[in-house]
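Just so you know, ligand 1 is whichever comes first in the structure, and atom 1 is the first atom listed for that ligand.
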Amino acid sequence: VGLSKELELSPLQLCLENLHRTLQRKDTQGFFAYPVNDTIAPGYSNIITHPMDFSSMKYKIDSKEYHTLEKFRSDFFLMCNNAMVYNAPETIYYKAAKKLMQSGCKLLAPDKIISMYRGIG
Ligand SMILES: COc1ccc(C(=O)NC2CCC2)cc1-c1cc(C(C)=O)n2cccnc12
C-alpha cells in the first residue's frame, strides 16, 4: 500500500530532501532557517529583491516546484549571495554565508550532480 499520490516523493525529491538536510545541518545558528525580515535586518526588503531561505526551499521541494537539481542549486546560491550582498564582510552573517557557500560548492559540484542523476537513473 503506497502513500497517497501527493505525498509520494519522487527520486528527485528524495535527492533534494537529502541535499537540503545536509546543507541545513551546516547552518548551526539558524541564520538561514527562515526568511530574514526588516525587523531583524533594517531595509532588507529594499536591498534584497529575491529573498531565499531553507524553509522556502523545503516548501518548494515538497510542492514539487523543483524540476531539476539546477533550480535547487541556484536557490541555494541565491540565499548565500543575498547574505553576502546585504551584510558587510566583517559580520557573522557574511562569514556564515561564505562558509555555507563553500560547503554547497563541494556538495553541489557539477560532477556530483551528474553522478546523482545517474543514481536517480
Ligand atoms: C533568519 O535570520 C536570522 C535568525 C536569527 C538570527 C540571530 O539569532 N541573530 C543573533 C546572533 C546575533 C543576534 C539572525 C538572523 C539573520 C540572518 C541574516 C541574514 C541571512 O542575512 N541576518 C542579517 C541581519 C540580521 N540578522 C540576520
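- Centroid-to-centroid, the aromatic rings of Tyr86 and Tyr44 come within less than 6.0 Å.
- Distance from atom 19 (C) of ligand 1 to its nearest protein heavy atom, with residue and atom name: Val36 CG2, 3.6 Å.
- Nearest to atom 25 (C) of ligand 1 by heavy-atom distance, out of Asp27, Asn37, Ile40, is Ile40.
- Contact annotation: for Asn87 versus ligand 1, heavy atoms closer than 4.0 Å belong to the side chain alone.
- The distance criterion of under 3.5 Å between nitrogen or oxygen atoms is not met by Ala33 with respect to ligand 1.
- Residues Cys105 and Arg73 have side chains not in contact (no heavy-atom distance under 4.5 Å, counting atoms from C-beta outward).
- Between Tyr66 and Phe72, the ring-plane angle classifies as perpendicular under the 30° and 60° cut-offs.
- The heavy atom nearest to atom 27 (C) of ligand 1, considering only Phe32, Tyr93, Tyr86, is found in Tyr93.
- What sits closest to atom 1 (C) of ligand 1 on the protein, heavy atoms only, is Tyr34 O, 3.2 Å.
- At the shortest separation from atom 8 (O) of ligand 1 among protein heavy atoms lies Phe31 CE2, 3.9 Å.
- Between Asn82 and Met79 there is no side-chain heavy-atom pair separated by less than 4.5 Å.
- Short contacts between ligand 1 and Ala41, defined as distances under 4.0 Å to a heavy atom of the residue, involve ligand atoms 24 (C).
- Under a 4.0 Å N-O distance rule, the pair Asp62/Lys58 qualifies as a salt bridge.
- Put simply, the residue from Leu19, Asp111, Asn18, Leu12 that forms a side-chain contact (heavy atoms from CB on, under 4.5 Å) with Met116 is Leu19.
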